[in-house]
Protein chains: 2
Amino acid sequence: MRPHELPEIRHLPLFRDMLQGSFETLMQGAYAQTFPAGLELIRQGDPADFLHVVMEGQVELHAQWAGRECTMAVVRPVGTFILAACIRDAPYLMSARTLERARIILIPASDLRAIFHRDTEFAVSVINELAGCYRAVVRHAKGLKLRTSRERIASYLLRQSVLAGNVPSFVLPVEKRLLASYLGMTPENLSRALKSLDAEGVRVDGSRVIITDRAKLSALARPDPLIDGPDPEGASAGVALPPVGRLG
Amino acid sequence: MRPHELPEIRHLPLFRDMLQGSFETLMQGAYAQTFPAGLELIRQGDPADFLHVVMEGQVELHAQWAGRECTMAVVRPVGTFILAACIRDAPYLMSARTLERARIILIPASDLRAIFHRDTEFAVSVINELAGCYRAVVRHAKGLKLRTSRERIASYLLRQSVLAGNVPSFVLPVEKRLLASYLGMTPENLSRALKSLDAEGVRVDGSRVIITDRAKLSALARPDPLIDGPDPEGASAGVALPPVGRLG
DNA sequence: GCGAGGGCTTGATCTGGATCAAGCGCAGCG
DNA sequence: CGCTGCGCTTGATCCAGATCAAGCCCTCGC
């Protein structure tokens with residue numbers, strides 16, 4: 001583990017309130033590792049041995065069934081994933097693969113479980129983290145069930161623009177095919193839909209997005225804090241998406 | 001509150017391990033109320049004031065956006081809902097309405113939050129509950145993204161049959177229109193799909209379902225513990241569906 | 001007992017999005 | 001530098017599922 005990494009981890013909402021002793025114990029069992037791009041870190045169904053903390057690089061969480069596959073989220077620094085499985089000591093529900101070279105801290109799940117039994121502050125942090133994760137997935141499910149493809153895209157673009165500081169132009173943080181899968185559609189459909197959003201105040205050039213008419217786009221997207229977040233509690237909370245991770 | 005209700009609540013996974021004193025404090029602020037059928041208990045966006053515990057009757061959790069609406073889950077006795085919003089002190093992401101006459105215990109969210117800061121055992125129970133809820137929604141989202149309508153129906157029927165004790169015949173626990181919405185389709189589509197499942201080993205007569213060829217149905221549904229549950233941890237864990245609730 | 005409403009089915013039609021099939025263009029690599 | 005692979009687009013076609021529109025039937029209330 002590198003010297004600058006410890007404070008970074010310590011600063012995460014999940015770890016910042018715990019006792020110093022607990023934190024040290026936790027870190028003693030932890031180790032860091034660097035993985036190449038495109039590596040399958042965990043496979044759904046595997047037993048949950050380690051909580052993963054992404055220090056560098058992006059990690060995709062995805063699920064597969066019957067030969068099909070879909071992206072559930074993308075985690076970026078500094079975020080954690082598969083907390084829930086570790087806590088439950090249950091099999092992972094999702095697989096994870098690196099999208100690029102990634103540095104990851106691995107914390108043994110058993111240490112985690114032992115410590116929140118002893119450190120109430122840490123237990124409370126875990127509660128908050130999980131509640132945030134839960135709400136993030138509920139939002140995602142709401143979007144899938146209540147919005148059409150175009151509406152999902154439109155609100156995604158709007159969200160990205162807001163996260164980047166309300167800028168009218170930004171670069172997509174992930175590949176389009178991944179974004180398509182995350183939004184529950186095919187790459188072809190995303191491609192066509194993006195072009196059709198021309199009429200709704202969006203211009204796309206490669207991975208660059210330019211919002212030319214925010215009002216028109218909003219009229220289509222109808223952004224809603226109960227779907228698009230964030231939790232008022234803090235932007236760092238449960239934003240589960242290409243912009244930020246930390247999914248359990 | 002009725003005399004038999006206290007032990008029932010105490011016996012829930014969420015409350016069974018906490019200190020007796022904590023439990024008593026929690027119950028002092030709580031009160032029970034009976035609501036008629038079809039009543040909107042909470043509306044999405046409202047501040048989370050009370051954790052709800054369903055003692056009798058079914059409660060539907062649903063979401064709405066842009067005039068559309070969908071069912072997210074059904075909670076039945078004895079289960080709790082909107083735990084996550086209470087913990088976060090954030091607005092509800094879902095609305096709740098009674099499907100029939102229902103008796104509900106209301107526990108002030110502030111008491112809840114105060115107590116898990118003091119009672120680690122309770123905090124741990126909350127962690128487990130939330131982790132289960134989280135995993136339940138992830139499963140639901142996986143089903144929506146990875147399976148077609150027919151596959152979702154098929155696996156739902158199989159799951160119900162298993163929950164009822166692997167019986168070949170059972171009665172649907174909820175109205176079909178609600179089931180359709182829960183499974184992410186229209187009532188018309190559900191109706192037609194159910195009839196078409198005739199060829200896959202299912203006969204439906206009103207709300208009665210008869211599985212005539214389990215193998216054939218399984219071949220279509222391809223049931224998977226990573227989608228259909230349950231968590232190995234215990235059947236009572238995160239089964240979020242028409243069969244059982246306790247969603248945060 | 002009868003009327004009204006709502007849930008369910010059924011039919012006809014429409015369409016959003018998937019699938020299949022090329023081409024294009026860029027990045028990585030020999 | 002040119003080959004190769006892959007991500008992206010574009011076009012053509014197909015299909016699952018939505019929508020629209022009746023009718024049926026059961027339940028409930030008067």
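These numbers come from a predicted model, not from an experiment. Chain letters run A, B, ... following the sequence lines, proteins first, then strands; residues in each count from 1.
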Give the B/S/- string for nucleotides 25-30 of chain C, one per nucleotide from 5' to 3', where a protein heavy atom under 4.0 Å of the base yields B, of only the sugar-phosphate yields S, and otherwise -.
------
Taking every heavy atom of B:Arg103 against every heavy atom of B:Met1, the minimum-distance pair comes out as NH2-CA, 4.0 Å
Polar contact flag, side-chain donor to acceptor under 3.5 angstrom, B:Arg101-B:Thr34:
no
Is there a side-chain polar atom (N or O) of B:Lys195 under 4.0 Å from OP1 or OP2 of C:dT9?
no
From CD of B:Glu151 across to P of D:dA16 the rounded distance in Å is 11 Å
Could you tell me how far apart B:Arg150 (CZ) and D:dC15 (C1') are, to the nearest whole angstrom?
13 Å
Side-chain contact check for B:Thr148: nearest option of C:dG7, C:dT10, D:dG17 is D:dG17
B:Glu100 CD - D:dC28 C1' separation (whole Å):
17 Å
How about A:Gln64 and A:Ser95: does a side-chain donor come under 3.5 Å of a side-chain acceptor?
yes
Between the base of D:dC6 and the side chain of A:Glu175, is one N or O donor paired with an acceptor at under 3.5 angstrom?
no
Test salt bridge (Lys or Arg N to Asp or Glu O under 4.0 Å) on B:Lys216 and B:Glu200; report intermediate values, then the result.
CA-CA 5 Å; B:Lys216 203 175 255 181; B:Glu200 316 290 334; over 6 Å; no
Rounded at 0.5 Å granularity, tell me how far OG1 in A:Thr98 sits from CD in A:Glu56.
13.0 Å
Round to a whole Å and report the spacing from CG of B:Leu220 to P of D:dA16.
13 Å
If only atom types and distance count, is the side chain of A:Lys145 paired as donor or acceptor with the main-chain N or O of B:Ala63 below 3.5 Å?
no
How many angstroms lie between CG in B:Leu51 and CG in B:Leu106, if you round to the nearest 0.5 Å?
8.5 Å
Rounded interatomic separation in angstrom, taking CG from A:Leu183 and C1' from C:dA18
16 Å
To check you understand the geometry: which heavy-atom pair defines the closest contact between A:Ala154 and A:Leu220, and what is its length?
CB-CD2, 3.8 Å
What is the separation between atom CD on B:Glu188 and atom P on D:dA22, rounded to the nearest whole Å?
14 Å
Among D:dT9, D:dG17, C:dA18, which nucleotide has an atom closest to any side-chain atom of B:Ser149?
D:dG17
Per B:Thr186 side chain, nearest of listed nucleotides D:dG17, C:dG7, D:dA18
D:dA18
Verdict with reasoning, B:Arg147 to B:Asp228, per salt bridge (Lys or Arg N to Asp or Glu O under 4.0 Å)
CA-CA 12 Å; B:Arg147 300 214 257 227; B:Asp228 303 295; 2.5 Å; yes
Under 3.5 Å, is there a donor-acceptor pair between the side chain of A:Thr71 and the main chain of A:Ser181?
no
If we only count heavy atoms from C-beta on, is the B:Tyr92 to B:Phe81 side-chain gap below 4.5 Å?
no
Find the distance A:Asn189:CG to D:dT10:C1' and express it as a whole number of Å.
13 Å
Double-helix bend of the helix from C:dG1-D:dC30 to C:dG30-D:dC1, axes at both ends from 5 pairs, round to 10°, gives 40°
Starting from C1' on C:dG16, measure out to CG on A:Leu190 and report it in whole angstrom.
15 Å
Does any residue of residues 201-209 of chain A have a heavy atom under 4.0 Å from DNA chain D, and if so, which ones, in number order?
none
Atom CG of B:Leu146 and atom CZ of A:Arg68: how far apart are they, to the nearest 0.5 Å?
7.5 Å
Regarding C:dG11, can its base be found pairing with the side chain of B:Arg192 as donor and acceptor, where the two atoms are less than 3.5 Å apart?
yes
